[in-house]
Amino acid sequence: MFRSLHQSIVHFAALALGRVKSQLYRTYSHTHTHKSQFTNHKTGSTIKQSNSQDSERLMQVQQRLRLPLPSDPRALISLLVSLSTTRSLSQGEQLHAYLLKSGYIPCSHPCSPYTLLSNHFITFYSRCNLPLLSLLSFLSLPSPPTPSSWSSLLSSLSHHHLPSLTLSYFRSMLLARVPPNRHSIPSVARVVGYLSDPSLARSLHGMSLKTPFATDVFVLTSVLDMYAKCSLLKEAQKLFDEMPERNVVSWSALICGYADAGLHSSVLNLFRSALHDGVEVNDCTFSSVIRVCAETTLLGLGALLHGLTIKFNLDSSPFVGSALVSLYSKCGLLDSSYKVFNEMPERNLSAWNSVLIASAQHGNIGTVFNLFEAMQAAGFQPNYVTFLCLLTACSHAGLLDEGKRYFSLMSVYGVEPGPEHYAAMVDLLGRVGRISEALFFIQSMPIEPIESVWGALLTASRIHKDTNTAAFAAQKLFEMGSCSPGMHMLLAGTYRAAGRHLEAAQARKAMRDSGLRKDAGLSWLEAGGVIHTFASGDQRHGRSVEIYRVLEEVGKRMEAAGYEPDTSGVHRNVRYHSERLAIGLGLLVVPEGVPIRVMKNIRVCNDCHTAIKYLTKCTGRVVVLRDLHRFHRFENGTCSCGDFW
DNA sequence: ATAGGGTTAG
């Protein structure tokens, strides 16, 4: 069993190596350039690693390589460790080749004394981001693998997101009667979390309980994180509660799990307890909590946390910086977002993606393209998210040719288009009215379209009043078992706009029959440290009378300026949609000169969009409205989206 | 004297 697996892996590795190696080299050059600062996990403090020390060490290694090689394995190991820490790939490869060629590592010898040295090569290639060379080093060990050989291999494979190889070799390890230990369990737990497979998670946990490491903080925290990543939050919480010892990583893993699940109040409560318990929270902890503030647009709390990161001396962390860029952008403060980004002492790929996304969501399309160039000039390779952002930006601006160009550019950078990229392209084609081309594009997709692909087509068909394609897209969504209330409403709206009232009524009935209700459209505005929430036609707010009065008063001036209310919308019986009410309150409480910032959980309708443009023209106010997907900045009668959203 | 847990962006 082991032998055949062994052989097939060698075969696989040899095949895959050529392709993977070039990709890995690219990753390698990126990590190598930007590793001057990192977080010390034990103390939780951020420390600087000097680049001059690195290069000094590298020079020493180079000098030593030119000299006759030491024959003492221990001296060789210390040389290899230096090469690992400096990630000196070419020197390490030279050393490896030399040792193999000279017979220093006798490949066929059954009990070589140099297994230890070979183990170091597994680690060395992992550090150089070449996991398949780690694997080849493992496979050519001169003697049977030691528990450390297995752990080093599993570490390399799991760190490079190779779940099936990690699990295969873990199985082989167990078959070779090597028990799992405190090093191998966390590696396997990482890939199980990555796969988000609950049953694998439970069985790995069960296995870990039978080892002597069942109470080890490292092992328990890795299992906790695995449960959180598998969305088994009850299990994660139980483990956390019963752990004999907890550290900042245990806290962060649980906080991050709740943040991923959208359980915002749990995150804030846990963070408060962590501070109360005197846990030394670090940049990782902060990034999760700030993310929650961004998602809920809790600007006040987010700004408070920003202050705390400065106090804790964590504000220079690229993780904190990325989260803050996103926070300010999502709260509508694009200037603050740019300010944080510009002042970041060290940026990573996520920081660039954050600022790209911020620009795209606020409609600064030119800035998106410029930042994309700047990012590459700074030595960063665009990834999956970067291209998603570029395509979304093109879609928002209706730039079809640019979108097509970026889509084909993906293969140049070795980024495989995912379902979301296809959905973005369908959205783009649809928005500029190329409905049939969008349909053709879907039919020529090399992967199965996901719901959002058909959803994008349905939305586009609705905008361009293509009833037949809308019905076709809806049919596809039905077949996939999708029946979101929004989809029914879109379909009903398309039929109604085409005057096909009978079918519109049928679509609405289908929604009622399925027991679904339309998502309640809500808008909210933060004022005086309180979030004020409004529904459509809401009269429950304490200042409701004043709000309606000011809207009526401004409405007269708007109509005098040429605004004609559009009554063809869905809610003919409702005078004001929720965002109008929130803006009404904004007119009362937000000081002159300060933008009125309103958040909304669904898309803004045509009539409100037009009305707000007139409102800003008549009042001289600035309104920043965030809808489900993007920001609209209304100023002096125009909107940053260019009426295209 | 090699192997171990959390992180940000959509």
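Protein chains get the first letters and strands the later ones, always in sequence-line order, with residue 1 at the start of each. Keep in mind it's a predicted model, so treat the numbers as computed, not measured.
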Rounded to whole angstroms, how far apart are CG on Leu314(A) and C1' on dT8(B)?
-> 14 Å
Ignoring hydrogens and angles, answer whether the base of dT8(B) and the side-chain atoms of Ser350(A) contain a donor-acceptor pair closer than 3.5 Å.
-> yes
Taking side chain to side chain donor-acceptor pair (under 3.5 Å) as the test, write out the residues that go with Ser156(A), two or more places apart.
-> Ser126(A), Ser134(A)
What's the closest nucleotide to the Ser222(A) side chain, out of dT8(B), dG5(B), dA9(B)?
-> dG5(B)
Could you give me the CA-CA distance, side-chain angles and deciding distance for Thr386(A) and Asn383(A), then say whether side-chain hydrogen bond (donor to acceptor under 3.5 Å, both in side chains) is met?
-> CA-CA 5 Å; Thr386(A) 317; Asn383(A) 72 352; 2.9 Å; yes
Taking only the side-chain heavy atoms of Val81(A) (C-beta and beyond), determine which of dA1(B), dG5(B), dG4(B) contains the nearest atom.
-> dA1(B)
Side chain of Leu116(A): nearest nucleotide among dG5(B), dT7(B), dT2(B)?
-> dT2(B)
Whole angstrom value for the distance that separates P of dG10(B) from NE2 of His396(A) = 13 Å
With heavy atoms under 4.0 Å as the rule, sort Ser152(A) into base, sugar-phosphate or nothing.
-> sugar-phosphate
Spacing of Phe124(A) atom CZ relative to dA1(B) atom P, expressed in whole Å = 17 Å
Trp150(A) and Phe170(A) aromatic centres sub-6.0 Å = no
Pick base, sugar-phosphate or nothing for Ser148(A), based on heavy-atom distances below 4.0 Å to the nucleic acid.
-> base
Among dG10(B), dT7(B), dG5(B), find the nucleotide with the atom closest to the side chain of Asn247(A).
-> dG5(B)
Return no unless some side-chain N or O of Arg182(A) is found under 4.0 Å from OP1 or OP2 of dA3(B).
-> no
Do Tyr328(A) and His306(A) have ring centres separated by under 6.0 Å?
-> yes
Hey, does the side-chain of Asn181(A) have a donor or acceptor N/O within less than 3.5 Å of a partner on the base of dG4(B)?
-> no
Measure from CD1 on Ile450(A) to P on dG10(B) and round the result to the nearest Å.
-> 17 Å
Non-neighbouring partners of Asp197(A) that pass salt bridge (charged side-chain N to carboxylate O under 4.0 Å, His left out), sequence neighbours left out = none
From the candidates dA3(B), dA1(B), dG5(B), the one with an atom nearest any side-chain atom of Ser155(A) is dA3(B)
Nearest to the side chain of Phe319(A), which nucleotide is it out of dG10(B), dG4(B), dT7(B)?
-> dT7(B)
Side-chain H-bond candidate by donor/acceptor type, Ser452(A) with Tyr422(A), under 3.5 Å = no
What class does the angle between the rings of Tyr125(A) and His96(A) fall in, given that below 30° is parallel, 30 to 60° is tilted and above 60° is perpendicular?
-> tilted
Of the listed nucleotides dA9(B), dT7(B), dG5(B), the one nearest the side chain of Lys229(A) = dT7(B)
Would you kindly give the CG-to-P distance between Leu154(A) and dG5(B), to the nearest whole Å?
-> 12 Å
Would you mind classifying the nucleic acid contact of Asp225(A) as base, sugar-phosphate or nothing, using non-hydrogen atoms under 4.0 angstrom?
-> sugar-phosphate
Take the protein atom NE2 of His96(A) and the nucleotide atom C1' of dT2(B), then report the distance between them rounded to whole Å.
-> 14 Å
Sugar-phosphate only, base, or nothing, as touched by Thr221(A) at under 4.0 Å among non-hydrogen atoms = base
Whole angstrom value for the distance that separates P of dA9(B) from CZ of Phe286(A) | 16 Å
Please check if any side-chain donor atom of Ser158(A) sits under 3.5 Å from a side-chain acceptor atom of Thr166(A), or the reverse.
-> no
Do Asn383(A) and dA9(B) have a side chain to base donor-acceptor pair shorter than 3.5 Å?
-> yes
Mind checking Val217(A) for me? I need base, sugar-phosphate or nothing, with any heavy atom below 4.0 Å counting as a touch.
-> base
Check every strand shown and say whether His159(A) touches a base, only sugar-phosphate, or nothing at a heavy-atom separation below 4.0 Å.
-> sugar-phosphate
With respect to the side chain of Arg291(A), which nucleotide from dA9(B), dT2(B), dG5(B) is positioned closest?
-> dA9(B)
For residues 384-393 of chain A, which residues have at least one heavy atom under 4.0 Å from DNA chain B?
-> Tyr384(A), Val385(A)
Look at Arg127(A) and dA3(B) and indicate whether a side-chain polar atom (N or O) is within less than 4.0 Å of OP1 or OP2.
-> yes
Taking atom C1' of dT7(B) as reference, at what distance in whole Å does atom CZ of Arg190(A) sit?
-> 12 Å
Heavy atoms, side chains only, cut-off 4.5 Å: are Leu299(A) and Lys330(A) in contact?
-> no
With the side chain defined as heavy atoms from C-beta on, Thr123(A) is closest, among dT2(B), dT8(B), dG5(B), to dT2(B)
Does a side-chain N or O from Lys330(A) land closer than 4.0 Å to OP1 or OP2 of dG10(B), or not?
-> yes
Phe218(A) side-chain proximity, nearest of dG5(B), dA3(B), dG10(B) | dG5(B)
